[in-house]
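Note that this is a predicted model, so its numbers are computed, not measured. Heads up: numbering here begins at 1 and tracks the sequence. Note that ligands are numbered from 1 as they come in the structure, with each ligand's atoms numbered from 1 the same way. Only this structure's heavy atoms are used, side chains among them; waters, hydrogens and symmetry mates stay out.
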Amino acid sequence: MSVADWNPRSWRGLPALQQPEWPDPAALDDAIGRLAKLPPLVFAGEVRNLTAALAQVADGKAFLLQAGDCAESFDDFSAASIRDKLRVILQMAVVLTYGAGVPVVKMGRIAGQFAKPRSASTETVDGAEIPSFRGHIVHGDAATPEARVADPERLLHAYHQSASTMNLVRAFTKGGFADLTQVHKWNQEFVKQSAEGERYERIASEIDRALRFMAACGIDLGAEASLHEVDFWTCHEALLLGYEEALTREDSLDGGWFDCSGHMLWVGDRTRQLGGAHVGFLTGVENPVAVKVGPSATADDIVELGERLNPMNIPGRLTFISRMGAGRIAELLPPLLQAGDKLGFTPVWVCDPMHGNTFLAPTGRKTRRFDDVMAEIQGFFSACTTEDVWPGGVHIELTGENVTECLGGSDDVLDTQLDDRYLTTCDPRLNARQSLDLAYRVAELLRN
Ligand code: PEP
Ligand code: CO
């Protein structure tokens with residue numbers, strides 16, 4: 001399929017992996033038809049601005065912080081949980097900007113991050129085989145055959161939840177909450193008492209002083225929009241192609257197709273086949289796109305994906321997200337970085353230190369060690385330095401809540417504590433303290 005033959009439905013002629021089994025195809029078509037009539041969640045102009053911001057990242061002039069839930073939940077959905085997630089991402093961005101002096105492009109795995117690819121299509125629970133959990137956009141998470149029946153009405157539920165999430169995110173980031181003069185208020189009570197929280201308070205006080213100094217010099221801080229609001233972008237894995245198709249719209253001003261379900265979309269490590277429907281779908285939308293690359297990715301994959309997804313060599317259009325595992329990144333990433341160098345454009349390289357470092361704790365909980373997460377980031381920075389490639393960002397699964405899902409960090413979550421507050425709908429997330437701790441360490445790597 002060439003770009004000329006592309007339309008939002010043309011992925012249907014290609015093999016699409018990781019799609020749920022919808023028991024009633026007519027009901028699915030009906031839901032997709034209704035979605036296609038609903039307003040877009042993001043706008044073409046915003047998406048173009050994000051591509052420009054990512055071009056700065058590709059050029060070594062900015063750093064991408066991409067973070068949020070593994071899977072958003074229909075149950076844990078409230079103003080408080082959105083605010084807490086935003087708050088920890090803003091705190092991390094302050095630490096990175098202040099600590100490393102680099103502008104940070106802030107992006108949430110939010111307002112659309114519902115669908116999950118799975119390694120196995122079924123799981124065995126109490127001796128019974130049931131479909132694996134693929135996210136609340138598909139079915140319920142309870143471990144029963146009834147809950148795991150795919151229900152197309154959930155696509156509409158996910159859309160409406162994304163719309164209200166987006167609305168609150170826009171209000172928070174443009175309406176005063178993200179104002180730099182509020183920087184102290186982002187520190188939550190349970191974080192404040194910790195070493196990371198105290199360190200954050202010191203940075204916040206220094207920022208206050210710098211702002212007072214500028215005001216005393218006669219700079220009109222009120223007129224500086226960049227101090228009072230932030231650009232916050234959304235992203236998710238473009239996994240359920242019917243949903244993405246329904247939200248893909250032609251730009252009424254300048255033409256071109258935009259997937260208006262989120263600003264940036266990525267294709268997962270399990271669905272990045274060159275001839276597959278996911279890559280085929282993303283070739284035709286003008287959003288910036290990303291591809292996750294795990295241990296099976298080859299140098300040829302990088303070249304072919306690069307040429308396929310960015311044939312016009314548009315700066316900022318394509319990001320590769322490496323997720324190799326701490327033990328293997330030093331061996332596996334350098335050939336991919338070298339292959340990226342052969343493209344007619346500079347891709348953004350981002351490190352996902354989460355998905356290659358997951359294991360089962362003795363309690364049976366899926367978890368990750370903070371030290372492995374940091375080791376992979378260090379491996380990423382050193383591979384980038386050796387290959388003379390800008391380490392463009394990090395991709396983190398986190399929550400603003402005080403969960404016990406990942407082991408270690410400065411408050412040293414132990415495997416015996418995983419059950420205390422293990423709340424994730426899918427993969428284990430860093431809690432707010434572990435996330436801040438990570439930001440200090442990444443700022444240090446960036447400084448060096
Ligand atoms: C994810 O980001 O949640 C995910 C499933 O990633 P990957 O495709 O890298 O496994
Ligand atoms: Co995940």
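- Backbone and side-chain nitrogen or oxygen atoms of Trp266 are examined, and none is located within less than 3.5 angstrom of a nitrogen or oxygen of ligand 1.
- For the residue pair Ser296/Arg272, the side-chain donor-acceptor check at 3.5 Å is satisfied.
- Ranking protein heavy atoms by distance to atom 9 (O) of ligand 1, first place goes to Arg323 NE, 2.7 Å.
- In terms of polar-atom proximity, defined here as any N/O pair under 3.5 Å, His395 makes no such contact with ligand 1.
- Contacts between Cys426 and ligand 1, counted as non-hydrogen atom pairs separated by less than 4.0 Å, are absent for every part of the residue.
- By the 3.5 Å distance cut-off applied to N or O atoms, Gln113 is not counted among the residues near ligand 1.
- Below 4.0 Å from some heavy atom of Arg109 lie the following atoms of ligand 1, by number and element: 1 (C), 2 (O), 3 (O).
- Counting only N and O atoms by type, the side chains of His395 and Arg109 include a donor and acceptor under 3.5 Å apart.
- For the ring pair (Phe, Tyr, Trp, His ring centres under 6.0 Å) with Phe172, the lone residue among Phe232, Trp186, Phe177 that qualifies is Phe177.
- Comment: Asp371 does not engage Arg369 in a salt bridge, judged by the lack of any side-chain N to carboxylate O separation of less than 4.0 angstrom.
- In summary, Lys192 and Glu189 engage in a salt bridge, as defined by a charged side-chain N under 4.0 Å from a carboxylate O.
- A salt bridge links Arg170 to Glu46: one of the charged nitrogens lies within less than 4.0 Å of a carboxylate oxygen.
- The N, O or S atom of Glu397 with the smallest distance to the Co ion (ligand 2) is OE2.
- Tested against Arg429 for a salt bridge (charged side-chain N to carboxylate O under 4.0 Å, His left out), the candidates Glu405, Glu401, Glu397, Glu72 yield a single pass: Glu405.
- For atom 6 (O) of ligand 1, the nearest protein heavy atom (residue, atom name, distance) is Lys292 NZ, 2.9 Å.
- Summary of contacts: the protein heavy atom closest to atom 4 (C) of ligand 1 is His355 NE2, 3.5 Å.
- Residue contacts with ligand 1 for Met354 are absent, since no atom lies close enough (heavy atoms, distance under 4.0 Å).
- In terms of protein heavy-atom proximity, atom 5 (C) of ligand 1 is nearest to Pro117 CG, 3.7 Å.
- Counted by atom type alone, Asp259 and Ser261 present one or more donor-acceptor pairs between their side chains at under 3.5 Å.
- Across the listed options Gln18, Arg272, Lys116, Glu237, Lys116 owns the non-hydrogen atom lying nearest to atom 3 (O) of ligand 1.
- At least one N, O or S atom of Cys70 sits under 2.8 Å from the Co ion (ligand 2).
- Close contacts of ligand 1 with Glu397, meaning ligand atoms under 4.0 Å from a residue heavy atom, involve 1 (C), 3 (O).
- Inspection of the Thr298 and Asp301 side chains reveals an N or O donor paired with an N or O acceptor under 3.5 Å.
- The distance from ligand 1 to the heavy atoms of Gly268 drops below 4.0 Å at these ligand atoms: 8 (O).
- Of the N or O atoms in Asp269, one or more lie within a sub-3.5 Å distance of an N or O in ligand 1.
- You'll find the side chain of Ile377 reaches within 4.5 Å of the side chain of Met374, heavy atoms only.
- Checked against the Co ion (ligand 2), the N, O or S atom of Asp427 at the shortest distance is OD2.
- Using a 3.5 Å distance cut-off with no hydrogens or angles, the side chains of His236 and Glu244 do pair a donor with an acceptor.
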